[in-house]
Structure formats: C-alpha cells, structure tokens
Amino acid sequence: MPVEEFVAGWISGALGLVLGYPFDTVKLLGFFKGMSFPIASIAVVNSVLFGIYSNTLLALTATSHQERRAQPPSYAHIFMAGCTGGFLQAYFLAPFDLIKVRLQNQTEPRAKPGSPPPRYRGPVHCAASIFQEEGPRGLFRGAWALTLRDTPTMGIYFITYECLCHQSTPEGQNPSSATVLVAGGFAGITSWVTATPLDVIKSRMQMAGLNQRAHRGVLDCIVSSARQEGLGVFFRGLTINSARAFPVNAVTFLSYEYLLHLWQ
C-alpha cells in the first residue's frame, strides 16, 4: 500500500487547519482557542482520508496517482473511494471532534478576578472527564451523525475536485496550481453545503452530555431541533463554513498535490 498519500494528507491537513481554524472557532466562541490539539488530531484524520481515498481508487482502477491524469477514473469510482475514505475517517475523527467541540463551546470568563475556572482544563482533562461522567460511549457521542455527514460528503468532495481539475486541464497534463486552488476551494464549499445540516445535528448531540440533555438518536435530534427552531436551524453556520472551506481546501489540495509531485 503506497504511504505517500497518507504522509501528504497528514501534512496538507495540518496546513489547512492552521489557515482555517480561526474561522472554525469564530462560529463558536474563541479564536485560536485549543488549536494545538486539533493540529495533531485533524492532521492524522486527514491522512486517513486522503490515504484511504487514494488507495481505494488504486484498488478500483489499478492506476496510481501519477497515472490518473492519462487514465482518468470514472466518477463512480471517485465517489466510491471518497465515500470509503469519509466512512473510515469518521471513526478516527469522532473522539477528537467531540473534544474540540466541547473545548470550543466552554465559557472561560478570565476577565473577572475570582471567576470560576473552565470546566475542562485541556484536551486530556476533557477526554478523562467525558470518560468518567458519560462512560466510554460518551467519547463517541455524535459519531453516527458524523458518519452520516462524512460518508456521502467526501464522495461529493472528491468528485467536485476531480471534475473541476479535469475540465480545466488539457488531457494528459497535470493541473496548474491555480486550477488546484480553485478546484480545491470549490470542492470544500460544495462539501459543506451538503454537510452543514448534519454538522448542526452532530454538534448538538456532542453537547448533549454536557447540557444534561439526551437525544434518543439522530432522528430525534433532527425532529426536536426542527420543532423548536424551524428548518432554518439546519443551515446555521453555513456562511462561515463556506467562507472557511474555500481557502482551507484550496491550500490542502495544493500542498497535497505538490508533495506527491515532489516525491514522484
């Protein structure tokens, strides 16, 4: 199994996160709050996504990454490989994403002397507290919603990228840096348009244990959210997600393609 895709995915994920983390946190509370933890975790998850995607495509088409410009895979194969990567990354991502959401959502009133300390002192303390208070399953709270979000979304993500690259690049040639940036950016926006409704549900289920409010499942969370706040709630955060998605994914794909080309 080629490992270059995993390494390139790890590095490109870290670079994309550094660029996009302020946007990701602005929709919550802080700015660079808790950044050191996501840099390590999301980089690993991105490595899994790109590594599984590329190797699944290799198994389906018998063509390596450098051969795909001359022998483009079908969109069906791209979608299947993207869905496979999204499905498997969700299991790696679930505990890390839960901890990130909990850390970002906690209030830290440091301005006033004598203010109570934050609930979680950091990612390790957060994980230990969730394990103690909610049990081992608590660390995977919202994992099913995350899986439902990422499986089809990653298929759409890679199809959008490959389609835009293919349409903007002469046959048999590698896409230019500008093409990769634009294709990666629009792939990110398209994926978030698809993902945002389930991202809202995922975050609510992840915060349920902290708020002492249990949902019976994804469907119950969807129904109760719609009843209480209307259908518009499922698109909450779409604007900031889209604003974040373009530069983050443009940089992610550009660095990924550059590293693979460098190592060939």
Side-chain angles (χ1 to χ4, degrees), residues 6 9-10 13-14 16-17 20-21 24-25 27-28 33-53 56 81-106 119-120 122-158 188 191-192 194-222 225 234 237 241 244-245 248 252:
F6 287 96
W10 187 89
L17 179 67
Y21 194 73
D24 188 45
T25 312
K27 67 183 181 184
L28 297 169
K33 182 187 296 181
M35 184 174 179
S36 59
F37 174 70
I39 280 182
S41 60
I42 300 303
V44 171
V45 170
N46 205 68
S47 172
V48 172
L49 171 63
F50 278 83
I52 294 298
Y53 166 75
T56 301
C83 288
T84 302
F87 178 81
L88 293 177
Q89 81 148 6
Y91 285 93
F92 285 86
L93 178 60
F96 298 126
D97 191 65
L98 172 66
I99 293 168
K100 184 197 75 168
V101 168
R102 292 283 182 92
L103 289 175
Q104 287 177 324
N105 274 279
Q106 71 177 357
R119 182 185 182 97
Y120 303 123
V124 174
H125 179 253
C126 181
S129 298
I130 293 171
F131 186 87
Q132 182 178 12
E133 297 168 7
E134 304 172 43
R137 293 180 63 183
L139 289 169
F140 288 87
R141 188 179 295 276
W144 183 229
L146 185 64
T147 303
L148 290 175
R149 184 196 76 176
D150 284 358
T151 300
T153 295
M154 290 301 101
I156 295 170
Y157 177 66
F158 284 107
S191 65
W192 269 112
T194 305
T196 293
L198 274 169
D199 186 64
V200 171
I201 297 304
K202 176 218 38 119
S203 296
R204 292 186 171 213
M205 295 187 71
Q206 288 172 326
M207 293 301 297
L210 185 63
N211 299 331
Q212 301 299 314
R213 177 185 177 184
H215 295 288
R216 292 190 297 273
V218 174
L219 183 60
D220 176 63
C221 187
I222 292 173
S225 297
F234 299 119
N241 282 338
R244 168 185 178 272
V248 167
T252 296

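Listed here is the closest heavy atom pair of L103 and C126: CD2-CB, 4.2 Å. Considering every non-hydrogen atom in both A127 and I99, the closest pair reads CB-CD1, 3.7 Å. The minimum heavy-atom distance between S47 and F6, with the atom names listed, is OG-O, 2.6 Å. Nearest heavy atoms, C221 versus R204: SG-CB, 4.0 Å. Minimum interatomic distance between G9 and F50 (heavy atoms only, all atoms of both residues): CA-CB, 4.0 Å. Nearest heavy-atom pair across Y157 and S191 is CD1-OG, 3.8 Å.
In this structure T56 satisfies the side-chain contact (heavy atoms from CB on, under 4.5 Å) test together with I52, L60, A81, T84, sequence neighbours excluded.
The existence of a salt bridge linking E134 and R102 is confirmed by a sub-4.0 Å separation between a basic side-chain nitrogen and an acidic carboxylate oxygen.
I201 has its side chain within reach of F234: a pair of non-hydrogen atoms, C-beta onward, lies under 4.5 Å apart.
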Would you mind writing out the side-chain donor-acceptor pairs for residues 146-156 within the sub-3.5 Å range, not counting sequence neighbours?
unit_1: T147; atom_1: OG1; unit_2: A143; atom_2: O; d: 2.9
unit_1: R149; atom_1: NH1; unit_2: D199; atom_2: OD1; d: 2.6
unit_1: D150; atom_1: OD2; unit_2: Q89; atom_2: NE2; d: 3.0
unit_1: T151; atom_1: OG1; unit_2: T147; atom_2: O; d: 2.8
unit_1: T153; atom_1: OG1; unit_2: R149; atom_2: O; d: 2.5

Before giving the answer on side-chain contact (heavy atoms from CB on, under 4.5 Å), spell out for W144 and M205 the whole-Å C-alpha distance, their side-chain angles and the decisive distance to 0.1 Å.
CA-CA 10 Å; W144 183 229; M205 295 187 71; over 6 Å; no

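Rounded to the nearest 0.5 Å, atoms CG (L98) and CD1 (I130) are 4.0 Å apart.
A centroid separation of less than 6.0 Å is found between the aromatic rings of F158 and Y53.
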